Visitor: 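Please see the structure below; I have some questions.
No experiment lies behind these values; they were computed from the predicted model shown.
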Amino acid sequence: MKIYNTLSKRKEEFVPLEEGKVKMYVCGPTVYNLIHIGNARPMIVFDTVRRYMEHKGYEVNYVSNFTDVDDKIIKKAIEEGVDASVISERYIAECKKDMAAMNVKPATTHPKATEEICGMLDMIGTLIEKGHAYAAEDGTVYFRTRSFKEYGKLSHKNLDDLQGGNRSLLVTGEDQKEDPLDFVLWKPKKEGEPYWESPWCNGRPGWHIECSVMSKKYLGDEIDIHAGGEDLVFPHHENEIAQSEAANGKQFAKYWMHNAFLNIDNKKMSKSAGNFFTVRDISEKYDLQVLRFFMLSAHYRSPLNFSAELMEAAQNGYDRIVTSVSNLNYLLENTASEKMSDEEAKLLEEAKGFIVKFDEAMDDDFNTADAIAAIFELVKFINTNVSAESGKEFLQALKDELLMLSDVCGLIVEKKQEMLDSDIEALIEERQAARKAKNFARADEIRNELLEKGIILEDTREGVKWKRA
């Protein structure tokens, strides 16, 4: 398995720090609003990386944080007249709903920045003790960028070039800095903002220190993979390396993975341009499995263009797989023969070649575009070689293979049969009759049966109402 490492700018063979285990940290969203489709790309991409690692037999400890204290969260809280935690908890819940709809697995741990302040204070204290950080008169704590000799090794930026004009690191209060390139680890509170006590001042952490601390706590000083969008390479991930390696004295992450940007109709997504879409917006028109299929249709390091035409193409591609599974289910229910024939056994051996193609694509820096092409080849093979005369054993083996490869990509391709409205109404009538007859066990049974099929019942004064979950 080879991974393109941003640190070395080349593909490297993946060798985990501990045999059979993978420690992986992915930068999560700042929760001040619904997540947009730009946020969705790293979520889907690195969830697929995790799934493939698990498919290959690795035990993956996958950590992805929520930044729940930030200027944008505070601004929204002030606008609504509520505590900042109300905003962050609201949008963490909404984010989790969207992640579930995209079939993004929950992380092993989803730490929140506000719950890790003690660890941040400890790391900042260590950096000060080691001479890598200092406190200004107002209590702001800065990292001495030049004290970390390898600064710039991830982004391949030269410190002198940064000094010459790059302002990505510059913040208010720069007159207090020893060097314009020093960046904030801790900053004083402002009126009406949440704050925590510290040895330097009442305040809150800088953004970069959060991930260094959460990664250390939940994965250890050294990790296998650190990932996120390419916009995080500099300064966020560069600063994480400087803080972590200066504090811990060890290499922070062995492999750095970054997905490329998502454009909308060949333009950068922005609210001002009127081309800004949340995942929830897309869900109103498409099953979010189609969005997932679309995101995986290109290599994660290639820029991806989002458009109505490309989403329709993704819909058609996804439907091809779903239809193939549906056809297999129909044949399984209606075929008479149980055992597979000798000819079918030979065909099944041939079909295993698609698993090899799929694995070869994924082993080459997680090339999901080629992996999906292998799934399509399997679909074509299935459609060509199955019929009403096929044996159930053969049909089931092909279905299992198709579902396995789809599941590695996180694609749900076997759809539950939806209940017809008339069937729901009939069950509700039966439940009402059961309740009248005081057969509450049967009434509860029907409610649970409907709930399993995604139908929620509500007993109101006007009678029983139902809705789909």
Side-chain angles (χ1 to χ4, degrees), residues 23-32 35 39 42-43 46 60-74 77 83-93 95-96 99 106-130 132-133 135 139-143 183-189 193-228 232 235-250 252-253:
K23 294 188 283 187
M24 185 171 179
Y25 188 95
V26 180
C27 288
T30 301
V31 283
Y32 65 95
I35 59 169
N39 300 134
M43 287 178 178
F46 298 117
V60 182
N61 187 351
Y62 187 94
V63 177
S64 186
N65 69 299
F66 289 115
T67 294
D68 61 342
V69 58
D70 174 87
D71 289 343
K72 290 175 180 175
I73 296 170
I74 293 165
D83 192 77
S85 63
V86 173
I87 301 297
S88 59
E89 288 301 323
R90 177 197 305 164
Y91 289 112
I92 286 172
C95 177
K96 286 181 176 178
M99 287 168 69
T108 312
T109 311
H110 276 297
K112 300 173 193 169
T114 56
E115 294 176 358
E116 308 297 339
I117 300 295
C118 287
M120 296 178 207
L121 296 177
D122 286 346
M123 185 174 279
I124 293 168
T126 298
L127 289 168
I128 291 173
E129 283 172 25
K130 290 188 171 187
H132 291 290
T140 304
V141 182
Y142 295 99
F143 184 87
F183 60 87
V184 171
L185 300 174
W186 188 266
K187 51 190 172 184
K189 74 179 182 77
E193 290 187 352
Y195 67 89
W196 290 263
E197 291 180 0
S198 86
W200 315 288
C201 67
N202 290 341
R204 58 189 173 96
W207 175 38
H208 312 299
I209 195 72
E210 296 174 10
C211 292
S212 285
V213 167
M214 289 185 270
S215 179
K216 178 183 172 76
K217 178 175 177 180
Y218 295 101
L219 296 171
D221 290 352
E222 299 175 272
I223 68 172
D224 294 291
I225 299 171
H226 198 312
L232 298 180
H236 185 51
H237 286 166
E238 194 71 74
N239 289 356
E240 276 191 65
I241 290 174
Q243 295 162 166
S244 295
E245 297 189 3
N248 303 326
K250 296 175 182 176
F252 178 32

Visitor: Give the minimum heavy-atom separation between Y25 and C211, together with the two atoms involved.
Guide: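 Looking at all heavy atoms of both residues, the closest pair is OH-SG, 3.3 Å.
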Visitor: Between the main-chain N or O of A113 and the side-chain N or O of E210, is there a donor-acceptor pair closer than 3.5 Å?
Guide: no
Visitor: Would you indicate whether the side-chain heavy atoms of N202 and P188 approach each other to under 4.5 Å?
Guide: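 With C-beta onward as the side chain, the pair stays apart.
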Visitor: Check whether S212 reaches the backbone of E240 with its side chain - one donor and one acceptor, N or O, closer than 3.5 Å.
Guide: yes
Visitor: For S88 and S85, indicate whether the former's side chain and the latter's backbone hold a donor-acceptor pair under 3.5 Å.
Guide: yes
Visitor: So does K250 get a backbone contact from the side chain of N248, meaning a donor-acceptor N/O pair under 3.5 Å?
Guide: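 Absent.
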Visitor: Any sub-3.5 Å donor-acceptor pair from S64's side-chain atoms to V26's backbone N or O?
Guide: yes
Visitor: Does a side-chain heavy-atom distance below 4.5 Å link I223 with S215?
Guide: yes
Visitor: A side-chain contact here means heavy atoms from C-beta on lying under 4.5 Å apart; do Y142 and V184 qualify?
Guide: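 Yes, side chains in contact.
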Visitor: Do the side chains of D122 and K217 get close enough for a salt bridge, i.e. N-O under 4.0 angstrom?
Guide: no
Visitor: Closest heavy-atom contact between K130 and A247?
Guide: NZ-O, 2.8 Å
Visitor: For G228 versus F46, what's the shortest heavy-atom pair and its separation?
Guide: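 Heavy-atom minimum between the residues: N-CE1, 3.6 Å.
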Visitor: If we ignore hydrogens and angles and just use 3.5 Å, is the side chain of Q243 paired with the main-chain N or O of H208 as donor and acceptor?
Guide: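 Yes.
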Visitor: Taking the side chain as everything from C-beta on, heavy atoms only, tell me whether L185 gets closer than 4.5 Å to P205.
Guide: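 Result no, sub-4.5 Å side-chain heavy-atom pair not found.
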Visitor: Between F252 and E245, is any pair of side-chain heavy atoms under 4.5 Å apart?
Guide: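 In short, these two side chains touch, coming nearer than 4.5 Å.
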Visitor: Look at the side chain of T109 and the backbone N and O of P111, then say whether any donor-acceptor pair between them is shorter than 3.5 Å.
Guide: no
Visitor: Does any N or O in the side chain of T67 come within less than 3.5 Å of the main-chain N or O of T30, such that one atom is a donor and the other an acceptor?
Guide: no
Visitor: Contact between K216 and S244 at the side-chain level, heavy atoms closer than 4.5 Å - yes or no?
Guide: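 No, their side chains stay 4.5 Å or more apart.
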Visitor: Decide, yes or no, whether a salt bridge links D224 with K23 under the criterion of side-chain N to carboxylate O below 4.0 Å.
Guide: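 Salt bridge: no.
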Visitor: Kindly give the heavy-atom pair with the smallest separation between G28 and N65, and that separation in Å.
Guide: N-OD1, 2.8 Å
